[in-house]
Each structure stands twice: as structure tokens, then as C-alpha cells.
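Following: one structure in C-alpha cells, then a few remarks.
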Amino acid sequence: MSKINPTTTLRQPVDLVAHGLAPASDLAVLEKVTARYAVAVTPDMAALIDPDDPDDPIARQFIPSVEELLSQGSERADPIGDHTHSPVTGIVHRYPDRVLFKLVHVCAVYCRFCFRREMVGPGKATALSQGAYDGAINYIRAHSEIWEVILTGGDPLMLSPRRLAEIMADIAAIDHVRIIRIHTRVPVADPARISREMIAALKVGGATTWVALHANHARELTDGARAACAGIIDAGIPMVSQSVLLRGVNDNAGALEALMRAFVECRIKPYYLHHGDLAPGTAHLRSDIATGQTLMRALRGRYSGLCQPAYMLDIPGGHGKSPIGPSYLERAGSNGGDHFVVEDYQGGRHRYPPA
Ligand code: SF4
């Protein structure tokens, strides 16, 4: 296929075909996928795709595939149980000291593995009504145990800087909220949105802002993305990363190493490597836990501790996240274990006293 780099976000299969990002023979089936799940490929992401590589790791993340029409019995529409812990519209209160605040249901790009794919996209829902927004703010105000508010969605940086600044001010005005964390893919998917006004909107008196960047392959950290992140960090806002372990995208030590090193070079601390959630039609992108653990073990001796994310599983049904990386410590000896054995990064095993 020969590719034409688009100037606007591609949302329809016919546009993907016209720009050489999908074969014309797939058009009918891709229209079926698009009728079910939102599609958006920004010019920045489209520019990264090599149409001659059938295994292109960027294409796998954003170009729809017929496999999305196949659901497995273990997959579910709400894989991490948001609904179970939603006391009012827009809020997920799963852990005592923090809430998710789901402001918008749209994203710059739609990831084919999205864990909220049944909830995000233009066809799914719209932004919170004023009444629902007020209800969510009132809920946060009424719960003094809430220390951290996590703005997520959808992607909160799809809001205008003016609206985002208003929301940040509303939240920061609540005395017990000390941290506002923003989960976003915009700095990589559409770095031009990270304008001076947007960065100004992220800063607010009365609370500390953190930004968590979602990226899964080192190629996503383009010069534009790096400049956008540098603008955020230079403004005094710390950043962490979130990635998803994805089959054919980053499920090998070289790809993960390059990604984590790129984050650290951008002053972004690798935070979480998520195991893929059981979202419908995503089995072809989900890796298995044994592979994830093997990769985490392989990477431990390969790069600095600064580059290590925690490998996390969101337990289906809304029970929260648990670290599922390999263990390096076990009890050994008589009487149920009278000492520990600890493993070093090369696989050597060493005895350690119990106290
Ligand atoms: S940016 Fe996040 S919420 Fe939006 S489609 Fe991707 S994974 Fe889903």
C-alpha cells in the first residue's frame, strides 16, 4: 500500500483505505468494527505507521481489525468494574483515598485494546451534564477521605484549556483534595494540543498536579511528543508513565526496554505496565501473564531501577489492582521456613536470615 499522510484525524474505514492504512478488501469488515467501536487515528500517529509492515506496532494499536468482532467468554463490557464502584455519575470510588473523575468520553485516538471501549467514543456518551458535574464535585467535597482526584475518561486533555482550568479550580478549592492526577494520551497522539494555555490550565493553586502519560511503544515518543512532555515538566508538573503489555506491540524485552528508557530520558518515571484487561474483542492484543513475568524478570538486570515499572493486573469485577511481577524472595528451610532465599538479577539464589 502506498501511504498519504493525513492532515486531519481519520475516523472512517474509507479514510483509512484512502490514506493507505488499510487494504480496500477490508473495507466492509472494518465498517462493521467501526459501527461497534470508535476509530480515530491522528495525523501524528498515522505518520508513524509503516503500511508495508503487516506487524507495525503503531498500526496494531490504532487500525481496527476483524478480530475485534470476536469476543471471548471471559471478556466483559466493564472489565475493571467501574460501574460497581460508581456512587454518582462520573465518579468511581474504588479505594478510600482517591476517586476517578470521568469528565469526557472522547479521546484523541481510540486504542483497539481500550479497557473502556464500551464507554468511550462519540457514539457512546457525551460529556457530563452540568447537573452530573455538580453532583460529582459535591460527592468529592462531602468525602473528606479523598486526597487524590484522578481525571480520566476518555481523555481529559480533549477539554479546552479554559474548561480544564475551571474544573481544576473547582477541585483544588476542596480543602482535603491535595493531588489532581491527569491520565492522558494527548501528548503523544496530538502533541499540538499541549499549548501554553493547556499547560497553564494544568497548574492550579491549592493542589499538586501530576500527569500520567499513556504510551506503549518508543516510536510514539516523537520529537513533538517529547517537546509536549518537556513543556509540562518544565512548568513544574511531574509525569509518570502508563503502558499496556500488548501482543505484537511491546511484548518483547527490546521493545519494552526502549520504551522505558525513552520515558526516563523524557523525565517521565515509568509507573505501571498494565496487563491487558478483559475488554471485548481484544484477545488478539492481550499477552499472557507468564510472558509478562518473564519479560519483567529479563528486564530487571537489563536496565536501571529508574526504568522499572510495576507490572499490574486490574482484577476483573472491580477489586482493584495488584502487582503481578515475579517474586524474588521465598521462605525455605524447616518448620515452614526458617530463612529466606532471595534471587539476584542473574538468577543466583542466596540465603538470607529471617531477621
Ligand atoms: S486513550 Fe485511553 S480511554 Fe482513550 S481509547 Fe485509548 S486507552 Fe481508551
Side-chain angles (χ1 to χ4, degrees), residues 21 37-42 44-50 53 55-65 67-68 79-80 107-117 120 152-155 157 183-191 211-222 224-226 228-229 239-266 268-279 281-289 291-292 295-296 298-299 303 307-314 321 324-325:
L21 296 173
Y37 302 115
V39 169
V41 188
T42 56
D44 294 84
M45 292 298 98
L48 291 180
I49 294 172
D50 175 0
D53 178 0
D55 301 319
D56 184 274
I58 310 299
R60 272 182 79 72
Q61 294 184 64
F62 303 118
I63 305 298
S65 134
E67 290 156 299
E68 294 176 51
I80 68 168
C107 303
V109 281
Y110 291 105
C111 312
R112 307 326 302 164
F113 49 87
C114 176
F115 64 128
R116 294 204 176 105
R117 62 190 334 217
V120 298
T152 183
D155 197 315
L157 297 194
H183 283 187
T184 183
R185 209 155 174 21
V186 164
V188 293
D190 190 4
V211 170
L213 176 72
H214 172 186
N216 303 308
H217 194 279
R219 268 167 49 198
E220 292 170 50
L221 291 159
T222 58
R226 287 171 189 248
C229 295
M239 291 186 69
V240 295
S241 76
Q242 298 204 88
S243 307
V244 183
L245 180 64
L246 294 168
R247 181 176 300 182
V249 174
N250 58 19
D251 63 340
N252 65 81
L256 276 184
E257 178 181 352
L259 176 62
M260 299 305 159
R261 285 193 194 278
F263 282 140
V264 173
E265 287 163 13
C266 293
I268 301 168
K269 171 70 186 92
Y271 177 46
Y272 280 165
L273 175 65
H274 295 278
H275 190 73
D277 293 309
L278 295 170
T282 62
H284 59 295
L285 289 168
R286 214 162 36 243
S287 192
D288 59 276
I289 288 176
T291 299
L295 285 169
M296 291 300 288
L299 287 168
Y303 55 26
C307 300
Q308 302 279 354
Y311 179 36
M312 304 298 291
L313 176 72
D314 233 308
K321 291 183 187 65
I324 57 166

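Everything numeric here is computed off the predicted structure, so don't read it as measured data.
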Hey, does the side chain of Asp55 reach the backbone of Gly248 with a donor-acceptor pair shorter than 3.5 angstrom?
no

Working to the nearest 0.5 angstrom, can you tell me the gap between Asp288 CG and Arg247 CZ?
6.5 Å

Measure the shortest side-chain to side-chain distance between Leu213 and Leu221 over non-hydrogen atoms and say whether it is less than 4.5 angstrom.
yes

Any chance you could measure Leu256, atom CG, to Cys307, atom SG, to the nearest 0.5 Å?
11.5 Å

Which pairs count as salt bridge (charged side-chain N to carboxylate O under 4.0 Å, His left out) when at least one residue sits in residues 211-220, sequence neighbours excluded?
Asp56-Arg219, Arg185-Glu220

Output the distance between atom CZ (Arg286) and atom CG (Leu246), rounded to the nearest 0.5 Å.
10.5 Å

Do Cys114 and Tyr37 come within less than 4.5 Å of each other through their side chains, counting heavy atoms only?
no

For His214, which residues count as a ring pair (Phe, Tyr, Trp, His ring centres under 6.0 Å) partner, sequence neighbours excluded?
Phe113

N/O donor-acceptor pair under 3.5 Å between Glu68 side chain and Ser65 backbone
yes

All heavy atoms of Pro57 vs all of Val249, minimum pair found to be O-CG2, 3.6 Å

Looking at every heavy atom in both Leu21 and Ala46, which two are closest together, and how far apart are they?
CD1-CB, 3.9 Å

Which heavy atom in Arg112 sits nearest to a heavy atom in Pro64, and how many Å separate them?
NE-CA, 3.6 Å

For Thr222 and Asp44, what are the C-alpha separation, side-chain angles and deciding distance, and is it a side chain to side chain contact (heavy atoms under 4.5 Å, CB included)?
CA-CA 9 Å; Thr222 58; Asp44 294 84; 5.6 Å; no

Enter the distance from Gln242:CD to His183:NE2 here, rounded to the nearest 0.5 Å.
4.5 Å

Tell me whether Arg116 contacts the main-chain N or O of Gly153 through its side chain, where contact means a donor paired with an acceptor under 3.5 Å.
yes

Before giving the answer on side chain to side chain contact (heavy atoms under 4.5 Å, CB included), spell out for Asp314 and Phe115 the whole-Å C-alpha distance, their side-chain angles and the decisive distance to 0.1 Å.
CA-CA 10 Å; Asp314 233 308; Phe115 64 128; 5.8 Å; no

Restricting to non-hydrogen atoms, name the atom on Phe62 and the atom on Tyr110 that form the minimum distance, rounded to 0.1 Å.
CD2-O, 3.9 Å

Contact between Lys321 and Tyr272 at the side-chain level, heavy atoms closer than 4.5 Å - yes or no?
yes

Spacing of Arg60 atom CZ and Leu285 atom CG [to the nearest 0.5 Å]:
5.0 Å

Does Val244 offer a backbone N or O that forms a donor-acceptor pair with the side chain of Asn216 under 3.5 Å?
yes

Within the structure provided, determine whether Thr282 and Arg117 are in side-chain contact (heavy-atom separation under 4.5 Å).
yes

Spell out, as yes or no, whether a donor-acceptor pair under 3.5 Å connects the side chain of Asp277 to the backbone of Ala279.
no

Approximate separation, where rounding is to 0.5 Å, of Gln308 CD and Leu273 CG
10.5 Å

Considering all heavy atoms, the nearest Ile268-Ser241 contact
CG2-N, 3.6 Å

What are the two closest non-hydrogen atoms of Ala253 and Leu295, and how far apart are they?
N-CD2, 3.3 Å

